[in-house]
Structures are given as C-alpha cells and as structure tokens.
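Step one of this worksheet: look at the structure below.
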Number of protein chains: 2
Amino acid sequence: MTFSVAATTAAVPPSIPAAMPAAQPQVAAVTGRCAGCSARSKGLCAALTAGELPDLSASSRPLDLLSATPVVMEGEEAEAVFTVMSGMLKLYKTLPDGRQQITGFATAGDVFGLAAGQGYAYTAETVTASTICRMPRAALRRMMERHPAVQGRLLAMTSVELSAAQDQILLLGCKTAVERVSSFLLALSRRSRPLPDGTPSVFLPMPKVDIGAYLGLRPETLSRVLRKLEEAGAITRLTNDRIRIENPAALEAAA
Amino acid sequence: MTFSVAATTAAVPPSIPAAMPAAQPQVAAVTGRCAGCSARSKGLCAALTAGELPDLSASSRPLDLLSATPVVMEGEEAEAVFTVMSGMLKLYKTLPDGRQQITGFATAGDVFGLAAGQGYAYTAETVTASTICRMPRAALRRMMERHPAVQGRLLAMTSVELSAAQDQILLLGCKTAVERVSSFLLALSRRSRPLPDGTPSVFLPMPKVDIGAYLGLRPETLSRVLRKLEEAGAITRLTNDRIRIENPAALEAAA
DNA sequence: CGTGGGTTTGATCCGCATCAACGCAGGTGG
DNA sequence: CCACCTGCGTTGATGCGGATCAAACCCACG
C-alpha cells in the first residue's frame, strides 16, 4: 500500500473520490500523481517500478484530513488500507471501560489498516492535520497478484512492525517510567533530523496524554520524568512540542 | 516454513543434518517425512500441495530437543527458521541487567526465528521436550520464490502474530494483574481441548515465573491472583500444571 | 532419607496512579 | 481590546497495586 501526493502538488479534491470509477482520460494525470508523491520511495510504493505506477495511481486516492479526525474504527470491517503522506496519526485499542492503549504513531511513509482478520485491529485518528492515501483491500490484493514485489514488501514491512511491537512489549513489561521515556526519546531521535546546529532533537506534536497512553504512563508521571531528565542535563525542553537531546549517552544509560 | 515429522515416526538422526546435500536416493523417504508430519496442515507447510512436499522435505530437518534447551539467541545471526512439531518453547528478550520479557510461547504448528533484520529478535528456548523442524533462511527464500503461496502464508502468519503482539501491548499497558491473568487463561482455553467431561481447561507446562515474565508480573503476584480467582469460583486448580475453567463468564468479566 | 527448585504465603516497601489545584495559552463573545 | 472560558500541562499530596524480601511448603529427584 502506499504512494502519495507530493506536498508541493496542488490539493486533489478530497470529496468522496474513492467512489469515482477510473476515468480513462485521467490516467496520465493519475500516473503523475504517484510519480511525484513525497512517499513514492516509502511504504508499499517503493516496491513498484516507474512503469507500474499507473496501476497504483488508479487504485488509490489521497485524502486531506484535519487533526483529531478518526479514519478507521477498531472492529469495523476493514475495507481499505492507508498510507501516510504527511502529518501524524495515532493507532489505539480501547477496553470496554474506556481505557486506551496507543499501539503506535504513523508518520510519512507508514502504512496502517492492514488487518489479519475481518475487522480493523485498532482505531486510527489523526493527531495533526494529515494527508493520507486510501487503497481498497481488493485493489491491494490485485496489486499483490500483479506485482509480486508488493507482497514481499508488505511482508518486510509487517515483519518490521512485528519487531517494533515486540520491543514495545519489552518496554511495557519490564521497564520503569524513566526507562520508558528515555527509550521513547531515543527511538524518536533516531528517526528525526537534528537541529541546524547538529544536536539531535525530537518533535512531539501529540499531546502528553497520548505519549503516556503509548508508554503505559499517566501524563503527570510523564511530566515528572521529563523534568527529572532535564534536571539531570540529559534533555532541554525548547517548546512544549520540541525537546533537544543534550546527552544521548545519558539517555542510553537510562534506557 | 514448516513441515514436520509425525510424532509416531521413528526419530530422524538429529546430528548436523542441515549441512547434508540433498541426496537423490532419499527423496522418496524425505517426501514421506513431510507428508506424514503432524504439523503438515499447520504453519507454512499448509501452503503447499502434496506434490510440492519433496521440496519441503529436502530443505528442512527435524530436531529432537530436551527441555530448557536454547535454540536461537537474541542478536545472533539468523540463519534458519523453525517450525514446532510438538512440545513448547518460550521466546524472550533480555535487558542488559538481566530482566527478561517473554514475548510469546510457541506450540505445535507455530513458526519462529523469522527476523526482520540480520539477527534474531529474541531468544528461543524449549520449555518442555520438543521436536522442531529447521529450515535454512536461504531455503525459505527459495521456497518463497518457487511457491508463491508460501510467501502469502508467511504474510498471513506474520499479520496474525502482529495482531497478537498488539493485544499483548494492550494487556501490558492497561490491564491490572487480575485482568492479565484472566485474559491469559481465556486465550489459552480457546486454543485447547476441553476435559473429557466437556468443561474447558488449560495446560500450563511452563513454570510460574515464565507465565509471570509473559504477563509482566512476579510469580508471587501470579500465585495470589490464581488463589483469588479460585476463591471466586472462576477456576479450579487440578494439578500444578492444569487449571479447569469453572466459570468462563466470570473470567470474561474480569478480563 | 536428604536435597534443591518451584510454589505459596505473609510482611513490608516503593513506584506510579490518583486526586486536586493552579498556570497558561488559545478561542470566543462582548 | 478585554473578560471569560476551556483544555492541556505542571506541580503537590496522598493512596494503592504489585514488587520485594523472607520463610515455609511441596514434590521430584538422587
């Protein structure tokens, strides 16, 4: 799954495009859509050669979403998969009494909505305004049959996700609050660009309660741990949503 | 991946069979091995038709192992994948200071040792005496190329594992000790046969400390929770390693 | 019969949750 | 432009669930 519209491309009409039949005269334009997509080299799309892009463009549609918009609901019949082009989403499970556990955050290039069974395993909701690309399940199946590399890519991506899930199991099952937060900050810093001056930093667009729901901690605890890490000189809180890693080795030791 | 020797079949020499070139005269016998395997209909093997079994038999070798035998080590180069034919193994990750988190138990039909990266993501060790089937990574890759259904099967199995891992994340991140144990017992009871009299029961061959390491609890806590569930009439402890589910609804409510 | 690992039970401790209050920023309406 | 409101973040006080420590018990085993 996956493909995407370049961030610099003019917005595609977001209204109910999924129902539109593949119009022949648009094929060329549609090819251009995926070819110029910012996620072209990521997610599922990376499995396809340039010549195979029309297939991709024809079977997928971009969507522009505001923040806090639900995309799929846990348990709902899984009719499509999605690729993130820009923005961030949270994926979470809910217990009957309302407790929520965030199983992951999805950012540019990530794919979500793959279901092992009939229904989605989790709810997906935008954290920031996001652009995502929607591909019906049947189209994905067709893509896999037509382009074997897609299936291999999907397997590789699922394996990486499984490995990440097992790391999270280790974190939740064994680690203390300080260790969890340190691990989280380090993992994020590995995936993000350092500041202009070269020091590593992380961007946290999601509210603290969501970070807590991901790490199995309450927001109060998260706040206290961050203060402790700052007092220890390991990090500096630049703004509410950006943290500079002053001492990666100290975080490493705490994780 | 996967295949296996029927439990009733005479043991195949376990010594260093992986290095043996596929000997032509043995093909017939080797075909029979997988054809009569108790795991034939499970794991990866289920993806193959009878006619494709020789390929499977030629590239895999069964191993008989005593309990508490390590099979693969976390971080070690992943040279092979394994299918469980009988017995049970625990898969776990270890922190530098020795804390361990069991990420799963593998029983008949389960496949383990698939690695997203270069090295194994976890250590695998037998809990009971077990028979497992070993297939070199290169052979698995060849099987996937030659029999596309194998790749599809692998994807399906990995997806199911991912979903299970996310359930475990929910358990570890949100649930209380009583909820964890209840969920665990229910999950096991769904996968096991009821007693002769029809009441559901679960078999727990692993030590309590391992169940605790899976659920993020200490063995003392596990013992107390089981006593509480027994006093509540939800379960009965028949022996140290077998529990009868008296009241599934009560467990359901507690989970 | 003695030994040692796994299990159970009891007593105590501690890390994090919970409860409560306050500061602050952004949005709204006057 | 300002008063008000609302939601997020922070800080402090307190409580509780499960960890830790310690000891007895129970078998399986030699």
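Lettering follows sequence order; numbering is per chain, from 1.
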Can you tell me how far C1' of D:dG18 sits from CD of B:Glu179, to the nearest Å? 14 Å

How many whole angstroms separate atom CZ of A:Arg180 from atom C1' of C:dA17? 12 Å

Can you find a side chain N or O atom of A:Ser223 that sits less than 4.0 Å from OP1 or OP2 on D:dT10? yes

For A:Arg237, which contact category applies under a 4.0 Å heavy-atom criterion: base, sugar-phosphate, or nothing? sugar-phosphate

To the nearest angstrom, the CZ-C1' distance between A:Arg218 and D:dC16 comes to 14 Å

Within less than 4.0 Å of OP1 or OP2 of D:dT11, is there a side-chain N or O belonging to A:Arg224? no

Protein-nucleotide distance (B:Asp241, atom CG; C:dT8, atom P), rounded to Å: 11 Å

Mind checking A:Gly212 for me? I need base, sugar-phosphate or nothing, with any heavy atom below 4.0 Å counting as a touch. nothing

Please give, in whole Å, the distance from C:dT7 C1' to B:Leu217 CG? 16 Å

Taking CZ from A:Arg99 and C1' from C:dC16, how many angstroms apart are they, rounded to a whole number? 16 Å

Whole Å only: how far is the CE atom of B:Met206 from the P atom of C:dT7? 11 Å

Winner on side-chain proximity to B:Asn240, out of D:dT10, C:dT9, C:dT7, is C:dT7

A:Ala165 and B:Ile169: which non-hydrogen atoms are nearest, and at how many Å? O-CD1, 3.7 Å

Considering all heavy atoms, the nearest A:Phe105-A:Asp210 contact: CZ-O, 3.9 Å

Options C:dT7, D:dC21, D:dG18, nucleotide nearest the side-chain atoms of B:Lys208: C:dT7

Under a 4.5 Å cut-off applied to non-hydrogen side-chain atoms, are B:Leu95 and A:Lys175 in contact? yes

Could you check how far CG of A:Leu215 sits from C1' of C:dG15, rounded to whole Å? 16 Å

So, is A:Arg227 near the phosphate of D:dT11, with a side-chain N or O under 4.0 Å from OP1 or OP2? yes

Over 60° means perpendicular and under 30° means parallel, so classify the ring planes of A:Phe82 and A:Tyr120, tilted if in between. tilted

Proximal nucleotide (of D:dT11, D:dT20, D:dG18) relative to the B:Glu220 side chain: D:dT20

Under 4.0 Å between a side-chain N/O of A:Thr221 and OP1 or OP2 of C:dA17, yes or no? yes

Checking A:Arg227 against A:Glu231 for the salt bridge (Lys or Arg N to Asp or Glu O under 4.0 Å) test, could you report, in this order, the C-alpha distance in whole Å, the side-chain angles of both residues, the deciding distance, and whether it holds? CA-CA 6 Å; A:Arg227 179 157 59 91; A:Glu231 285 168 357; 3.5 Å; yes

